[in-house]
Number of protein chains: 2
Amino acid sequence: MNYSENLLFQCVSENDCRRMLDCMKARKRDFFAGEEIYSFDTPRKIVGILLSGQAAVVRYEYNGTRSILENLSPKGIFGEHLSFVPSDDSCIAVVCQTDCQVLFIDYQRLTATCQNACSCHTQLIRNLLQLLSDKTRSLSERVEVLSQRSIREKLMCYFMQLAAGKNSSTFELPFTMIDFADFLSVNRSAMIRELGKMKQEGLIRISRRTITLL
Amino acid sequence: MNYSENLLFQCVSENDCRRMLDCMKARKRDFFAGEEIYSFDTPRKIVGILLSGQAAVVRYEYNGTRSILENLSPKGIFGEHLSFVPSDDSCIAVVCQTDCQVLFIDYQRLTATCQNACSCHTQLIRNLLQLLSDKTRSLSERVEVLSQRSIREKLMCYFMQLAAGKNSSTFELPFTMIDFADFLSVNRSAMIRELGKMKQEGLIRISRRTITLL
DNA sequence: GATATTCTGTTGCTTTTGCAACATTTTTGT
DNA sequence: ACAAAAATGTTGCAAAAGCAACAGAATATC
């Protein structure tokens, strides 16, 4: 595993990485599918980096509804200071969808220039800036989808984002239909009904999780 | 006007501020209410800071619907790299609600350490990090509101956020009802109808834009 | 390879939301 | 102070979305 491949350590040599991680007391941990990586209730301000596997940031409302706030792929970054604030009647957690390996770094240590005054710490902060910028971008995209008024508009908006991201009118949904409905914050059967209509009207082609915009 | 009051220049002396702003070729401009401060279509990567007045980040869909993506108060920061990506069938702009004064800084110059190697540039970047972190937080809150399923849930969710922010069960809506409906991405009359019901059921007290949770 | 479990897709019914048109109130501009 | 414009609030009707219950398909488990 090369740390320097991670976006957070871009332009930092592997040696410097290891030294810094040591200096920041970063910890690595393995998780099994379904396990909870991180709960936003914990008081410690920690940044997590997904090294391998798939995970999701999930909110459980106390009335039972569940929302997928974000999908995390390897190199994905999460944590208290990066986003998502649990409210009084909900809790937020990062949950593994497959087996995962995660790196944890204390936020204070990450942003404070250490007494060893690593010159590369500046680079680290600049990288963090970029990551936050990216995160803001993806949150904005999510807001764009959610602020569509109808299920069809939500679907199309998200499809266009995926298509733009892959630069192709054919793409794969990164969700089960159940999770997809939770992601769009709509009723699953209403969503599938709408997908059916869109298929009939010739707007899209769809087979399982592969979708083509026509 | 003291620049060092601005969050972006926190812990930077007024002198250093002026020197850096000069070095980064920052420009200051005045706008009238209703004017467009900034459109996200422009190719230049620019960061704007609202020095005075009220403005909003607005998306106009080509089908006519309008969504308020964010409200900006003095010291608010906006720009391409900080958030919001216009899609093929929408455009995003920052629009003044009152007369405004805005400071523009080139993003490249802001994040690149200048050749003069101002030591305070490091501080500037750290401040930017904090601002982005805050922005991410507010976007997350917005996602939380929008991912509620019904109008009532959206209203309550947003009210709780306002109440938590002001630490009081009485607070002022920062919107007209029209803008508020656009912010929640719901129909205005349906929203007002729901507010009426909630009032009747004794959940809230409401008079004009002042709301009390009961 | 049989069984259990999860996921996918369908449908009728109910509820909620959106829409349009209007009356009333408040704000703005001169 | 007055007129014009904008914002607020109401309502009936239409459309969309949610819900529940179910059947079939795919996947996992042993």
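Just so it is clear: chains get the letters A, B, ... in the order the sequence lines come, proteins before strands, and each one is counted from 1.
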With respect to the phosphate group of C:dC19, does any side-chain polar atom (N or O) of B:Asn187 fall under 4.0 Å of OP1 or OP2? yes
task = Looking at every strand, decide which applies to A:Ile151 at a 4.0 Å heavy-atom threshold: base, sugar-phosphate, or nothing.
result = sugar-phosphate
Q) Is A:Arg209 paired with A:Asp179 through a side-chain N to carboxylate O contact shorter than 4.0 Å? A) no
Rounded to whole Å, the CZ-P distance (A:Phe180 to C:dT8) equals 12 Å
Should the ring pair A:Phe104 and A:Phe78 be called parallel, tilted or perpendicular, given that the plane angle runs from 0 to 90° and is split at 30 and 60? perpendicular
Which donor-acceptor pairs under 3.5 Å do the side chains of residues 168-175 of chain B make with protein atoms, sequence neighbours left out?
unit_1: B:Ser168; atom_1: OG; unit_2: B:Thr170; atom_2: N; d: 3.0
unit_1: B:Ser168; atom_1: OG; unit_2: B:Thr170; atom_2: O; d: 2.9
unit_1: B:Thr170; atom_1: OG1; unit_2: B:Thr212; atom_2: OG1; d: 3.1
unit_1: B:Glu172; atom_1: OE1; unit_2: B:Thr210; atom_2: OG1; d: 3.0

**Message:** Between the side chains of A:Arg137 and A:Asp134, is the shortest nitrogen-to-carboxylate-oxygen separation below 4.0 Å, so that they form an ion pair?
**Reply:** no
To the nearest angstrom, the CZ-C1' distance between A:Arg188 and D:dA20 comes to 11 Å
Under a 4.0 Å heavy-atom cutoff, the residues of residues 193-212 of chain A touching DNA chain D are A:Arg193, A:Glu194, A:Arg208
Review point. Can we say A:Lys154 and A:Glu194 salt-bridge, meaning some charged N sits less than 4.0 Å from an Asp/Glu carboxylate O?
Key: no
Angle separating the five-pair end axes of the helix from C:dG1-D:dC30 to C:dT30-D:dA1, nearest 10°, is 70°
B:Phe175 atom CZ is separated from D:dA6 atom C1', nearest whole Å, by 18 Å
Separation of C:dC19 atom P from B:Asp182 atom CG, nearest Å, is 12 Å
Rounded to whole Å, CD1 of A:Ile178 lies from C1' of D:dG18 at a distance of 16 Å
B:Met177 CE to C:dT26 P, in whole Å, measures 13 Å
Taking C:dG18, D:dT10, C:dT8 as options, the one with an atom nearest any side-chain atom of B:Val186 is C:dG18
TODO: Please evaluate the base of C:dA20 for a donor-acceptor partner in the side chain of B:Ser189 within a cut-off of under 3.5 Å?
DONE: yes
Testing C:dT10, D:dG18, D:dT8 for proximity to the side chain of A:Ala190, the answer is D:dG18
Tell me, yes or no, whether the heavy-atom count around A:Glu201 atom CD, taken from other residues, nucleotides or ligands under 6.0 Å, exceeds 12. yes
With a 4.5 Å cut-off on side-chain heavy atoms, are A:Glu144 and A:Cys157 touching? yes
Would you say the side chains of B:Glu153 and B:Ser150 form a donor-acceptor pair under 3.5 Å? yes
Notebook entry, point to check: Going through the checks in order, is the side-chain hydrogen bond (donor to acceptor under 3.5 Å, both in side chains) test met by B:Ser13 and B:Asn15?
Noted result: CA-CA 5 Å; B:Ser13 76; B:Asn15 269 348; 5.6 Å; no
